[in-house]
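Structure record follows, encoded as structure tokens.
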Amino acid sequence: METISFFDGRKIPLERHKVRIVQKLNLLPVEERLACIKEASSNLYLLHNKDVFLDMLTDSGVNAMSDRQQAAMMQADDAYAGSESFYRLEKTVQEIFGMEHFLPAHQGRGCEKVIADLLVQQGDIVPMNYPFTTVKAHIKRCGGEVVPLLYPAGLECQSDNPFKGNLDTDALEKLLEQKGDKVPFVRVEAGTNLIGGQPFSFANFRETAAICRKHEVPLILDASLFQDNLYFLKIRDEECKDLTLREITRAVADLCDIIYFSARKLGFARGGGICLRESELVNPLKELIVLNEGFLTYGGMSVREIEAIAVGLEETMDLSITSQGPEFIAYMVAELEKRSVPVVTPAGGLGCHLDASRFVPHIPQLQYPAAALAAALYIAGGIRGMEHGTFSESRDADGNEILADMELLRLAMPRRVFTMSQIDYAIDRVTWLYENRDLIGGLCFKREPNILRSFIGELAPLSDWQEKLAEKFSRDLPNSL
Ligand SMILES: *Cc1c(COP(=O)(O)O)cnc(C)c1O
């Protein structure tokens, strides 16, 4: 292991990169932050980025690129068909995952769309460790239903279970025995997003694959957040600790029939793609890619991004690069725990997740506690997180609200973007907010869209709590922004 210890005993993640290009950030005064959140209808997606100090909304498409990626982008081969850039990416993907075919897509949901169009029919069910918003929407669009098969332990916010992303294999076996003819594929998500970036173990994935094989159902891996799962396999899984990241990746890939990913996350750039072995699925998928995404040698991506992904995937196989995100997240989670702030444990990938159900227990789920916490944290520090709770659910067929399993505010940690003092600032403002949590109130819809409502829905506070929170901040920190 490439660990670094401080002589004085502190445990501080050490950046293994240096900064060579910077972007100026604005930290607006609290009164202006209050005005901005009102203008954005308390939905952080509707803020202008110039008004955000720390953008912790997502890691999607906003990871810092390396000098090697930037250099590769200069040699991009612009061609509608047959671009050399694509062949370079195809070769890298083939080497890393060991699969023969690589079909490019503009981003992760493009992969999910064509896979659902080809494989999901009315009445189908798709078991998975846990659904992600976009895959669920595409499976539903095609008339199918998703069945989450996470162990109950995966949904416990406070835990020391190292593999909360594991799929309940007994439940999968039973489901395939009873309804196997309705199951077009089984999907497993690496670094399971909506439960706090939690990984699966190698043993669990192998057992899942064996059950799929026995019932002749294809196993599809959503590898969008594989980078984090890979890190956790290396450091938490006895079975993998002596293998290189490249060997672990191959061992996982060898168990899959199809792997798809969002290269907005995996590969530090922007794009996506599907890897698969020779089978009768290859040609129909190619047709859908050409129809929906673009020709087979770009799939909606710019050739410059294609070059950057190829280098980014190689860099993902380097532990000193891959460890940066999870180490920063572990630091933030540990510091917040010390201050008794409720966070999801153990620390996962992707970001630090605040548990809104314990942070603001006085706000009922139908007043969107995690969305309220998100708006409050923007007022408290100009920090933009992402709600993962009831606000992100959609109503059932009868128009009833669906209460989320968890009410989380994710503070994403884009790779190589923030410094330690910025993370310390975020810890400090979250702590101030926790001390003042009683001031945070609920939200209701002003305008509610029919699909993916958390992206463009407009909310309003149920009282003047946002003004009161801003006033308290000015009193507590009179000489600070
Ligand atoms: C982000 C994400 C997707 C969708 O990818 P996009 O590039 O945003 O379309 C799919 N699955 C998981 C697990 C993700 O995190």
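All values derive from a computational prediction rather than experimental measurement.
Residue A308 comes nearest to Q69 through the heavy atom pair O-NE2, 2.9 Å, listed as atom of the first residue, atom of the second, then distance. For M73 against R304, the heavy-atom pair with the smallest separation is CG-O, 3.3 Å. Residues P104 and F295 share a closest heavy-atom pair of CG-O, 4.3 Å. The two residues G348 and I329 make their nearest non-hydrogen contact at O-CG2, 3.5 Å. Shown here for P461 and Q466, the closest heavy-atom pair between the two residues is CG-OE1, 3.6 Å. Summarising the geometry of P199 relative to N229, their closest heavy-atom pair is CA-OD1, 3.2 Å, with the distance given to 0.1 Å.
The distance from the CG atom of L350 to the CD atom of Q227 is 10.5 Å, given to the nearest 0.5 Å. For the atom pair CG (D355) and CD (E156), the distance works out to 12.0 Å, reported to the nearest 0.5 Å. The CG atom of L167 sits 10.5 Å away from the OG atom of S201 when rounded to the nearest 0.5 Å. The CD1 atom of I306 sits 7.5 Å away from the OG1 atom of T297 when rounded to the nearest 0.5 Å. To the nearest 0.5 Å, atom CG of residue L459 and atom CG of residue L443 are 5.5 Å apart. Annotation: the span from M332 atom CE to H353 atom NE2 amounts to 11.0 Å, rounded to 0.5 Å.
Tested against D67 for a salt bridge (charged side-chain N to carboxylate O under 4.0 Å, His left out), the candidates R416, K18, R20 yield a single pass: R20. Here the rule is side-chain contact (heavy atoms from CB on, under 4.5 Å) with I383, and of L57, L377, D55, L409 only L377 fits it. Shown are I259, I258, I220; of these, the side-chain contact (heavy atoms from CB on, under 4.5 Å) with I274 is made only by I258.
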side-chain contact (heavy atoms from CB on, under 4.5 Å) between I195 and L155, worked out: CA-CA 7 Å; I195 60 166; L155 294 176; 3.8 Å; yes

side-chain contact (heavy atoms from CB on, under 4.5 Å) assessment of F205 paired with L221: CA-CA 10 Å; F205 193 67; L221 176 70; 4.0 Å; yes

Pair I379-V30, side-chain contact (heavy atoms from CB on, under 4.5 Å): steps then yes or no: CA-CA 6 Å; I379 294 171; V30 65; 4.1 Å; yes

Verdict with supporting geometry, D222 and S224, side-chain hydrogen bond (donor to acceptor under 3.5 Å, both in side chains): CA-CA 6 Å; D222 178 347; S224 303; 2.7 Å; yes

E247/R250 under salt bridge (charged side-chain N to carboxylate O under 4.0 Å, His left out): CA gap, chis, key distance, verdict: CA-CA 5 Å; E247 289 166 340; R250 264 314 262 279; over 6 Å; no

side-chain contact (heavy atoms from CB on, under 4.5 Å) assessment of D476 paired with N436: CA-CA 10 Å; D476 286 359; N436 290 280; 3.8 Å; yes

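R415 is not listed as a side-chain neighbour of D59, based on a closest heavy-atom distance of 4.5 Å or more. Within the 4.5 Å cutoff, the side chain of L54 has heavy atoms near those of the Y425 side chain. S302 places none of its side-chain heavy atoms less than 4.5 Å from the side chain of R270. Here the side chains of V114 and L103 are not in contact, with every heavy-atom distance at 4.5 Å or above. Here the side chains of Q422 and L25 are in contact, with some heavy-atom distance below 4.5 Å. Two residues are said to be in side-chain contact when any heavy atoms from C-beta on lie closer than 4.5 Å; M65 and V311 fail this criterion. Counting heavy atoms from C-beta on, the side chains of Y130 and Q198 never come closer than 4.5 Å. Side-chain contact between I423 and M413 is present, with heavy atoms from C-beta onward closer than 4.5 Å.
Panel note: side chain K241, backbone I235; no donor-acceptor pair is recorded below 3.5 Å. At least one donor-acceptor pair closer than 3.5 Å links the side chain of N43 to the backbone N or O of Y45. Under the 3.5 Å distance criterion, the side-chain polar atoms of D237 are matched with a main-chain donor or acceptor of F202. No side-chain donor-acceptor contact under 3.5 Å links R339 to the backbone of T431. Proximity of a side-chain donor or acceptor of K164 to a complementary backbone N or O of T345 within less than 3.5 Å is detected. Judged by distance alone, with hydrogens and angles left aside, the side-chain atoms of R206 form no donor-acceptor pair with the main-chain N or O of L255 at under 3.5 Å. Of the possible polar contacts, none joining the S262 side chain to the G272 backbone as a donor-acceptor pair under 3.5 Å is found. In this structure a side-chain-to-backbone donor-acceptor pair under 3.5 Å is present from R384 to L44. Panel note: side chain E293, backbone H106; a donor-acceptor pair is recorded below 3.5 Å. A donor-acceptor contact shorter than 3.5 Å links the side chain of S83 to the backbone of D77.
Counting non-hydrogen atoms of other residues, nucleotides and ligands closer than 6.0 Å to NZ of K113 gives a total above 12. No more than 12 heavy atoms of other residues, nucleotides or ligands lie within 6.0 Å of CD1 in I21, so this atom counts as exposed by the packing criterion. Residue-environment remark: CD (E39) stays at or below the threshold of 12 foreign heavy atoms within 6.0 Å.
Ring geometry for F97 versus F261: interplanar angle of 30 to 60°, hence tilted.
A cation-pi arrangement, defined by a distance under 6.0 Å to the six-membered ring centre and an angle within 45 degrees of its axis, is absent between R429 and F53.
Counted by atom type alone, S60 and Q107 present zero donor-acceptor pairs between their side chains at under 3.5 Å. Residues E387 and S392 bring a donor and an acceptor atom of their side chains to less than 3.5 Å of each other. Donor-acceptor pairing under 3.5 Å is lacking for the side chains of Y151 and N161.
Between R109 and E112 there is no salt bridge, since none of the side-chain N atoms of the basic residue sits less than 4.0 Å from a carboxylate O of the acidic one. We find that E314 and R68 are not joined by a salt bridge, their nearest charged nitrogen and carboxylate oxygen being 4.0 Å or further apart.
Annotation: F86 is not in aromatic contact with Y298 [ring centroid separation under 6.0 Å not met].
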